[in-house]
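Letters A, B, ... mirror the listed sequences (proteins, then strands); counts begin at 1.
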Amino acid sequence: MSSNLNPRQLEALKLVDAPLLVLAGAGSGKTSVITQKIAYLIQERGLPARSILAVTFTNKAAKEMRERVGKLLDSGQARGLTVSTFHQFGLNFLRAELAKTPLKPNFSIMDSDDAKRLIKELMHRDNMTSADSKTLINKAMSLISSWKNELIEPAQAMSKIEDPEDMIFVEVYKLYQRSLRAYNAVDFDDLIVLPSQVLAEHPEIEAKWQNRLQYVLVDEYQDTNHAQYDLIKRLVGKRGHFTAVGDDDQSIYAWRGAKPENMAQLGEDYPNLKVVKLEQNYRSTSRILEAANKVITNNPHLFEKKLWSDKGQGKQIRVKPCSNEDREAEWVANDIMVTKLKEGLEWKDFAVLYRSNFQARFLEANLRHLQIPYKLSGGTSFFARTEIKDIMCYLRLIMNSDDDSAFLRVVNTPKRGIGAVSLEKLGLFAQERALGLLEAASRPALAEHVPKRAAAELSEFARMIAHYTEELYQNDDPIPLVRQMVGEIGYIDLIKDESKTPQQEKNRLDNIEVLYQNIQGLINRAEPEDQTLEAALRKLLLLDMLEQQRDEDDTNQVSLSTLHAAKGLEFNHVYMMGLEEEMLPHRNSILSETVEEERRLMYVGITRARESLCLSYAKERRAGAERKPTSISRFLEELPGEDLIWAGKNNAPVEDPVLTAQRHIDNLRAMLANQKKA
DNA sequence: CGAGAGGTGATTTTT
DNA sequence: TCACCTCTCG
């Protein structure tokens with residue numbers, strides 16, 4: 001073990017008895033360091049696996065880490081080791097310390113979509129919404145979330161507001177927290193905030209966890225927010241036996257509360273903090289790294305670092321000006337095709353990165369036209385799909401009858417003739433008696449408060465949920481029952497009625513099947529004592545189901561991704577599109593003077609590339625109905641000129657772009673045909 | 001109550 | 001350009 005590590009990496013690995021910050025540049029092998037360190041702690045330092053905690057931000061990263069650690073350890077050695085996301089850890093913590101939390105068993109987890117609906121509902125009820133309600137709701141969401149991330153409780157929020165107009169949001173925050181507790185539900189932020197509060201309020205619990213966790217490793221440390229920082233700090237205690245790995249140049253989530261300053265903060269909180277820099281990059285050619293270094297020197301730095309590599313100079317970075325966004329998309333698609341054929345590459349060698357999701361649209365059409373297979377990262381996640389959320393809410397309601405949020409979503413889906421007016425009356429009835437909505441719906445006395453028809457429907461709905469609850473709790477094999485329920489409540493018919501095309505109908509029905517399979521998979525894989533629908537749902541609610549998505553990842557396709565979603569990935573050949581002012585850097589970031597974060601996005605994009613990088617921009621772009629000239633991104637001008645090669649700049653003869661494209665395509669067709677013959 | 005018309009707004013999104 | 005929301009009418 002600990003083979004193939006360089007001296008710096010080894011130093012980071014062997015430093016155990018003091019707090020350690022590893023400044024790991026892009027591509028510097030940080031995952032190797034973390035995974036090998038875990039193995040080292042267990043095998044060489046004799047730490048029990050269950051005394052080690054490694055936290056990441058994404059399920060994907062956690063999964064990869066688990067797999068890589070698994071390969072380093074003998075079977076059985078990893079037993080009890082925790083490698084999980086912050087949120088997963090928080091959830092397990094809350095379940096372990098339930099008595100010290102304001103929660104009851106089987107509490108629900110609301111995702112941001114649920115939270116948004118709730119906030120909307122609350123603001124609506126208080127007539128706070130005005131003409132631009134969407135903006136207000138978004139503002140409320142982000143303020144509440146940032147308060148939570150700063151560990152500011154509703155009662156303290158009033159003293160923290162900067163703008164008197166934000167006062168109404170303090171009120172929304174209070175109502176929101178109250179609702180969550182009444183629903184026996186938590187949101188994503190609570191999964192971090194509540195554990196931190198429990199530790200703060202109960203020294204004996206804090207001592208217990210500190211005693212249990214003898215070593216903590218944190219990945220992507222620059223992305224931690226204050227609450228996460230606080231949680232880790234409490235878990236490691238004064239002893240500070242931890243490794244934090246991060247790169248302030250890759251901090252691209254400040255807009256949602258991440259604080260790269262947390263890296264510097266460590267030096268103050270732990271005077272004996274050791275810092276190790278990993279500057280050797282194992283990914284990219286030196287020209288690519290030079291470009292990345294050059295761009296990022298325009299930002300102020302917490303820590304100085306300079307990436308280098310011994311992969312050779314490599315090719316120049318291509319820059320391609322295009323006349324407009326259509327030509328740009330066309331050019332990129334064509335260039336991928338040409339490069340692939342010329343150099344005998346595979347589709348998965350290529351990635352196209354962009355700032356905003358909508359930029360992918362133009363490209364998709366062109367890729368399809370050339371029959372280039374591609375996969376879109378991001379987009380609507382599986383769990384955001386209507387049919388999945390609906391069914392999940394049925395299941396949530398079955399697990400937790402207080403989950404009013406789930407109740408409201410499914411009570412009239414499919415349509416049962418229960419409208420907004422009846423629900424409002426039900427809400428009033430429930431409030432007066434301090435009941436959950438489902439409980440209220442089952443009360444006979446309700447009939448005097450809502451229209452007769454609606455009362456009958458509500459009571460029938462409550463009876464039905466009670467029926468399925470009973471069945472599901474009794475049965476060891478829940479999936480057939482869930483399937484039966486989904487059919488019986490008329491959900492399948494709803495999909496058949498509502499789908500506009502046979503394709504859409506099939507997709508939705510397939511999605512539901514995938515959901516069943518995932519629940520089943522989670523049940524099968526769980527520890528024997530945890531093989532319940534409830535345990536499976538708990539995992540599902542944190543989107544912790546990536547088995548077959550992984551398989552999809554391995555297929556041979558061109559990757560289209562936002563710059564954000566590309567962090568942590570690498571590709572042989574990378575295209576970045578839309579290198580224009582107001583695209584990258586994004587318009588809003590110029591206005592809000594957060595261009596530095598955009599520059600880090602540029603940096604992240606550049607450092608995804610192993611062998612080649614190609615940057616394109618459009619000289620003109622549609623803005624509504626008209627075309628507007630663009631100006632070239634400041635980041636392009638920050639690149640080292642000698643490493644760039646401009647394709648088609650000042651190229652005199654103006655050939656009709658449509659003809660050019662057509663010729664390209666004809667050539668490609670011919671090449672393809674030849675290839676097939678050969 | 002719900003279908004259909006019209007209006008409006010649109011970064012990034014690990015959980 | 002599109003998707004989602006809101007309002008109105010049957």
## Note on the structure
side chain to side chain donor-acceptor pair (under 3.5 Å) filter on A:Asp249, not counting sequence neighbours, yields A:His301, A:Lys305

#### Entry: Distance in angstrom units between A:Lys389 NZ and C:dC4 C1', rounded
17 Å

### Summary
Among B:dT14, B:dG2, B:dT15, the one nearest any side-chain atom of A:His87 is B:dT15

### Message
For a quick test of reading the model: is some side-chain N or O of A:Asn357 closer than 4.0 Å to OP1 or OP2 of B:dT11?
### Response
no

### Query
Between B:dT15 atom C1' and A:His564 atom NE2, what is the distance in whole Å?
16 Å

#### Entry: Minimum-distance nucleotide to A:Ser356 side chain [options: B:dT12, C:dC5, B:dG2]
B:dT12

#### Entry: A:Arg587 CZ - B:dT12 P separation (whole Å)
15 Å

### Message
Rounding to an integer number of Å, can you tell me how far A:Lys567 NZ sits from B:dT14 C1'?
### Response
8 Å

### Query
Start at the 5' end of DNA chain B and walk down; is the nucleotide closest to A:Asp223 or to A:Arg453 reached first?
A:Arg453

### Query
A:Asp111 has an atom CG; how far is it from atom C1' of B:dT15, in whole Å?
9 Å

### Task
Describe the nucleic acid contact of A:Ile418 in one word from base, sugar-phosphate, nothing, applying a heavy-atom distance below 4.0 Å.
sugar-phosphate

### Query
What is the nucleic acid contact for A:Phe86, judged by heavy atoms within less than 4.0 Å: base, sugar-phosphate only, or nothing?
nothing

### Query
If you check every side-chain atom of A:Ser422, which of B:dC1, B:dG2, B:dT13 has the closest atom?
B:dC1

### Query
In whole angstrom, what separates A:Glu582's CD from B:dA10's P?
16 Å

### Message
My understanding is that only residues two or more places apart in sequence, or in another chain, count here; which of them pass side chain to side chain donor-acceptor pair (under 3.5 Å) with A:Asp113?
### Response
none

#### Entry: Whole-Å gap separating C1' (B:dT15) and NZ (A:Lys148)
13 Å

### Message
With a 4.0 Å limit, can you tell me whether A:Asn412 has a side-chain N or O closer than that to the phosphate oxygens OP1/OP2 of B:dC1?
### Response
no

### Task
Assess whether side-chain contact (heavy atoms from CB on, under 4.5 Å) is satisfied between A:Val216 and A:Ile232, documenting all intermediate values.
CA-CA 8 Å; A:Val216 176; A:Ile232 295 296; 4.3 Å; yes

### Task
From the options B:dG2, B:dT15, B:dT12, select the nucleotide whose nearest atom is closest to the side chain of A:Trp255.
B:dT12

### Summary
Of the candidates B:dT13, B:dT15, C:dT1, the side chain of A:Phe188 sits closest to B:dT15

### Query
Base, sugar-phosphate alone, or nothing: which one does A:Asp187 contact when heavy atoms must sit under 4.0 Å apart?
nothing

### Message
Distance check, rounded to the nearest 0.5 Å: A:Leu231 atom CG versus A:Tyr229 atom OH?
### Response
12.5 Å

### Query
For A:Glu598 and B:dT11, what is the distance between atoms CD and C1' respectively, to the nearest whole Å?
8 Å

### Task
Measure from the side-chain heavy atoms of A:His586 and tell me the nearest of B:dT11, B:dG2, B:dT15.
B:dT11

### Message
Are there over 12 heavy-atom neighbours, none belonging to A:Glu424, within less than 6.0 Å of that residue's CD?
### Response
no

### Query
Is any side-chain heavy atom of A:Val604 less than 4.5 Å from a side-chain heavy atom of A:Leu563?
no

### Query
How would you label the contact of A:Asn225 with the nucleic acid (heavy atoms, under 4.0 Å): base, sugar-phosphate, or nothing?
nothing

### Task
For A:Lys415, answer base if it contacts any base atom (sugar-phosphate contacts may also be present), sugar-phosphate if it contacts only those atoms, and nothing otherwise; contact means non-hydrogen atoms under 4.0 Å.
sugar-phosphate

### Message
Any base atoms under 4.0 Å from A:Arg355, or only sugar-phosphate, or nothing? Heavy atoms, all strands.
### Response
base

### Task
Tell me which nucleotide among C:dT1, B:dT12, B:dT15 gets nearest to the side chain of A:Thr562.
B:dT12

